[in-house]
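Just so we're on the same page: letters track the sequence lines, and every chain starts at 1.
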There are 2 protein chains.
Amino acid sequence: METRIDRIKKQLHAASYKLTPQREATVRILLNHEEDHLSAEDVYLLVKDIAPEIGLATVYRTLELLTELKIVDKINFGDGVSRYDLRQEGAAHFHHHLVCIECGAVDEIQEDLLEDVEAVVEKRWNFQIKDHRLTFHGICWRCHDRSSQDPSQ
Amino acid sequence: METRIDRIKKQLHAASYKLTPQREATVRILLNHEEDHLSAEDVYLLVKDIAPEIGLATVYRTLELLTELKIVDKINFGDGVSRYDLRQEGAAHFHHHLVCIECGAVDEIQEDLLEDVEAVVEKRWNFQIKDHRLTFHGICWRCHDRSSQDPSQ
DNA sequence: TCCTTATTTATAATCATTCTTAATAAAGAA
DNA sequence: TTCTTTATTAAGAATGATTATAAATAAGGA
């Protein structure tokens with residue numbers, strides 16, 4: 001049976017790149033940490049466990065390559081660090097994020113939600129949308145529950 | 001008559017900050033370059049024309065202060081540089097952006113457009129939204145016109 | 001096998017941003 | 001006014017993320 005790794009290998013080959021052991025190790029880490037929004041440094045430290053000889057620059061290069069091929073999404077939450085998410089297979093767009101300004105947690109919204117808005121934008125601004133990035137900042141349900149239980153807040 | 005600068009001065013005083021000459025010069029540059037999405041370096045170079053003795057660190061500090069007070073919005077389009085926009089007076093949210101992947105132009109959408117989406121998110125994810133950031137990436141009307149007129153594309 | 005090209009490692013370099021320290025300016029008290 | 005305190009600034013050093021460089025290695029094709 002064809003695995004996700006196999007399909008990524010094909011995508012790389014189609015663009016005449018190889019799935020080297022370092023690249024495969026990096027992809028495996030991303031597969032094991034979906035929804036975790038890892039930074040390059042995070043990925044590097046995790047990859048070192050399964051491929052200790054890898055260099056940080058290689059991780060950066062691999063993440064950049066995967067971003068170009070739209071296998072991963074490079075996101076930025078405003079702290080000077082880029083974060084990397086595997087894009088859902090077949091998804092044409094970035095997914096959305098909920099960033100909690102209390103605890104810093106980042107949750108994901110996989111549903112599109114923007115179809116209607118995009119139709120308006122394409123028509124009214126005559127802009128042909130290829131992708132989008134949408135992040136909400138606010139209070140997550142966990143913090144909300146905590147503060148409603150704790151009268152000191 | 002009360003000017004925008006006067007109102008910003010009041011906002012600063014209300015938070016016990018002063019509108020120093022350096023800060024005022026920085027604000028004036030932002031007022032003269034609305035919709036331009038200037039980087040800190042851009043602002044610095046422009047401010048130097050009207051206040052040559054200013055330092056880059058002061059510009060950074062001022063932009064950070066104005067961001068905290070929600071007088072300017074700090075935005076990031078994924079090119080390792082933060083950009084700064086004066087927020088429209090009275091606006092509670094970031095405005096949206098259209099980034100052209102052909103020519104790099106950035107246009108603004110001042111309308112909210114997200115009210116319906118936010119209602120869904122607040123309810124379904126039990127997330128109390130305080131702000132949002134929405135950017136569309138695609139082909140702007142200028143590039144679209146260009147390529148339809150130019151058969152070589 | 002040789003030859004060519006892609007990739008990696010290790011380290012140096014770069015670039016945006018923040019920090020540090022001493023100097024300066026402003027504001028309030030006496 | 002003068003003294004005192006605090007806020008702010010300039011200049012440059014430091015930091016931290018990311019990218020470039022150069023030499024070494026690996027892979028693939030002829």
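The ring-ring contact (aromatic ring centres under 6.0 Å, His included) analysis of residues 105-126 of chain B, with sequence neighbours excluded, yields no pairs. Screening residues 101-112 of chain B for salt bridge (Lys or Arg N to Asp or Glu O under 4.0 Å) gives A:R124-B:E111, B:D107-B:R142 as the qualifying pairs, with residues at least two apart or on separate chains. Listed by first then second residue, pairs satisfying ring-ring contact (aromatic ring centres under 6.0 Å, His included) with a partner in residues 48-79 of chain B read B:H37-B:F77, B:F77-B:H97, not counting sequence neighbours. Screening residues 44-55 of chain A for side-chain hydrogen bond (donor to acceptor under 3.5 Å, both in side chains) gives A:Y44-A:K48 as the qualifying pairs, with residues at least two apart or on separate chains.
As a whole-Å value, the separation of A:L66 CG from C:dT7 P is 12 Å. Atoms CG (A:N76) and P (C:dA16) sit 15 Å apart, rounded to a whole Å. Put simply, NZ on A:K9 is 12 Å from P on D:dA27, counting in whole angstrom units. Between B:H13 atom NE2 and D:dA7 atom P the separation is 14 Å, expressed in whole Å. Distance, A:D79 CG to C:dT18 P: 12 Å, rounded to whole Å. Rounded to whole Å, atom C1' of C:dT17 lies 17 Å from atom CG of B:L65. Residue B:D42 contributes atom CG, which lies 13 Å from atom C1' of C:dA16 at whole-angstrom precision.
Counting non-hydrogen atoms under 4.0 angstrom, A:T58 reaches a base of the nucleic acid.
Counting all heavy atoms, side chain and backbone alike, B:R4 lies closest to B:L86 at NH1-CD1, 4.1 Å. Closest of all the heavy-atom pairs between A:I139 and A:H144 is CG2-N, 4.0 Å. Taking both residues in full, the closest heavy atoms of B:L12 and B:K18 are given as CD1-O, 4.0 Å, listed atom of the first, atom of the second, then distance. Considering all non-hydrogen atoms of both residues, B:V117 and A:L113 come closest at CG2-O, 3.4 Å.
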Practice problem: List the protein contact pattern of nucleotides 15-23 of chain D with one symbol per nucleotide (5' to 3'): B for base contact, S for sugar-phosphate-only contact, - for none; contact means a heavy-atom distance under 4.0 Å. | Solution: --SBBB---
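Evaluation of the salt bridge (Lys or Arg N to Asp or Glu O under 4.0 Å) rule for B:E118 yields no partner, not counting sequence neighbours. For the side-chain hydrogen bond (donor to acceptor under 3.5 Å, both in side chains) test, no residue two or more places apart in sequence or in another chain qualifies with A:N76. Scored by the salt bridge (Lys or Arg N to Asp or Glu O under 4.0 Å) test, A:D36 finds no partners at all (sequence neighbours excluded). Legend: residues meeting salt bridge (Lys or Arg N to Asp or Glu O under 4.0 Å) with B:R7, ordered by chain and number and at least two apart, are B:E2, B:E89.
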Are any protein N/O atoms closer than 3.5 Å to N/O atoms in nucleotides 24-27 of chain C? If there are, list each pair with its distance.
none

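Residues from residues 43-51 of chain B with heavy atoms under 4.0 angstrom of DNA chain D: there are none. Residues from residues 22-32 of chain A placing a heavy atom under 4.0 Å of any atom in DNA chain C, listed by number, are A:Q22, A:R23.
Of the charged side-chain nitrogens involved, none lies within less than 4.0 Å of a carboxylate oxygen, so that B:K74 and A:D79 do not count as a salt-bridged pair. Using a 4.0 Å cut-off between charged side-chain N and carboxylate O, A:K70 and A:D85 make no salt bridge.
Residue A:T20 places no side-chain N or O under 4.0 Å from the OP1 or OP2 atom of D:dA27.
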